[in-house]
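First listed ligand is number 1; within each ligand, the first listed atom is number 1.
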Amino acid sequence: MSVVSSLNIRSGPGTNYNRVGSYGSNTPLTFDAWSRGTSHWDPIAKQWDNRWFRIKGTNKWVASAYIYGNPKSNSKYINPPNNNGGSPTDFTGKVMSVVSSLNIRSGPGTNYNRVGSYGSNTPLTFDAWSRGTSHWDPIAKQWDNRWFRIKGTNKWVASAYINGNPKSNSKYIDPPGNSNPGNGSWQNPLAGSWYAIYSLNEFGTPRTISGTHKGIDLSTGNNTPPIKAAKGGKVVIAYNGTGWNDGYGKYVKIDHGDGTETRYAHLSNVNVQQGSYISAGTVIGNVGSTGNSSGNHLHFEIRVNGVPKNPRNYIKF
Ligand SMILES: [Zn+2]
């Protein structure tokens with residue numbers, strides 16, 4: 001911005017990271033990712049802004065509040081490294097005893113090269129997790145598409161064959177080439193968070209009170225992670241009040257301007273303004289258990305020209 005005489009460059013998205021240089025007024029910049037960190041007052045928009053932009057091809061960041069320009073709806077979003085308080089936590093596990101040989105891959109999925117294997121009961125330490133191809137967990141007896149990264153390497157193993165789970169503040173990495181799963185313009189509203197899909201509350205499940213289930217329920221257990229807009233658009237409902245609200249509780253509805261809308265229900269809090277325009281990935285609130293809910297979960301709907309559609313047809317959960 002021309003009103004900014006010197007803009008600090010940081011080694012991460014926040015003033016808690018080292019200053020590694022500065023830019024002068026009106027410097028044109030190209031960014032390849034954005035994240036959230038410490039807030040600054042945008043002197044033009046006259047509002048607080050906690051977004052940070054990454055200089056293309058580097059690990060250098062600048063505060064969005066002092067930049068003319070915004071991410072596109074499909075620009076890459078990176079989880080803040082410390083967004084759950086403290087540093088990302090490593091986690092441990094071991095190869096299940098029922099698995100005689102566990103393939104190691106060069107990425108999170110069986111589409112990546114096999115680079116070795118581990119035997120039964122091998123203890124392992126992981127520094128990140130992601131999502132990729134699914135495997136049947138022989139103990140939990142459910143499909144699991146999570147992959148865990150061996151600490152300090154770029155080697156991955158399928159979570160389905162590991163006893164052990166990420167911590168709530170373990171590092172999550174978007175699947176490579178999969179930042180917009182689905183048809184190319186939708187993203188998972190709980191990307192980067194822990195969730196399980198209620199097996200009985202899939203789309204179309206018959207309900208006693210309200211006909212068939214018009215969305216999908218994503219349970220987050222004891223956690224109330226941030227919910228991100230699945231697509232950019234206009235916030236047409238941002239209900240942060242109390243009460244039942246037709247079962248939705250605290251609730252956000254976004255009109256994406258192309259005949260599609262998304263609905264996010266049972267939130268613990270709503271932090272977007274009704275009538276505002278937001279980009280895909282904007283945090284709209286947190287998971288909760290308001291309205292017709294008995295535990296923390298996100299009820300998520302996609303409607304096309306008013307007709308509820310199965311979100312699984314658009315987004316890889
Ligand atoms: Zn639901």
Side-chain angles (χ1 to χ4, degrees), residues 131 134 140-146 168 172 181-183 185-256 259-272 274 278 280-317:
R131 292 187 186 276
S134 294
K141 305 215 181 298
Q142 61 187 13
W143 291 99
D144 186 349
N145 67 359
R146 295 171 305 155
S168 63
Y172 171 80
N183 69 358
S185 61
W186 296 90
Q187 62 185 59
N188 183 337
L190 291 184
S193 301
W194 252 114
Y195 63 83
I197 298 174
Y198 284 152
S199 58
L200 296 177
N201 288 350
E202 287 278 356
F203 176 81
T205 306
R207 322 282 310 266
T208 49
I209 299 176
S210 53
T212 58
H213 193 219
K214 297 180 176 61
I216 194 166
D217 287 338
L218 307 169
S219 167
T220 59
N222 291 327
N223 301 322
T224 57
I227 301 163
K228 299 157 191 164
K231 207 175 183 182
K234 182 180 182 182
V235 178
V236 290
I237 295 177
Y239 180 78
N240 200 26
T242 56
W244 183 254
N245 188 26
D246 289 334
Y248 280 160
K250 294 182 194 291
Y251 161 60
V252 170
K253 176 170 142 181
I254 302 172
D255 179 349
H256 302 296
T260 66
E261 69 178 52
T262 47
R263 300 180 176 200
Y264 313 77
H266 314 309
L267 279 54
S268 57
N269 67 286
V270 169
N271 56 13
V272 285
Q274 195 161 303
I278 61 174
T282 298
V283 174
I284 60 171
N286 286 78
V287 174
S289 187
T290 56
N292 181 16
S293 172
S294 57
N296 293 322
H297 78 284
L298 171 64
H299 170 92
F300 175 66
E301 295 182 23
I302 293 178
R303 296 193 182 203
V304 178
N305 297 321
V307 179
K309 300 287 185 180
N310 189 344
R312 284 187 184 276
N313 293 341
Y314 299 83
I315 295 172
K316 180 178 172 184
F317 288 99

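Contact annotation: His299 places an N, O or S atom under 2.8 Å from the Zn ion (ligand 1). In summary, no N, O or S atom of His266 is located under 2.8 Å from the Zn ion (ligand 1).
Applying the side-chain contact (heavy atoms from CB on, under 4.5 Å) criterion to Glu301, with sequence neighbours excluded, gives Lys214, Tyr248, Arg263, His299, Arg303.
Taking a 6.0 Å sphere around CG of Asp246, one finds it holds 12 or fewer heavy atoms contributed by other residues, nucleotides or ligands.
Counting heavy atoms from C-beta outward, Val287 and Leu267 have side chains that stay 4.5 Å or more apart.
The closest donor-acceptor contact from the side chain of Asn286 to the backbone of Ser268 lies at 3.5 Å or more, if one exists at all.
Among the heteroatoms counted here (N, O or S) of Asp217, OD1 is the one nearest to the Zn ion (ligand 1).
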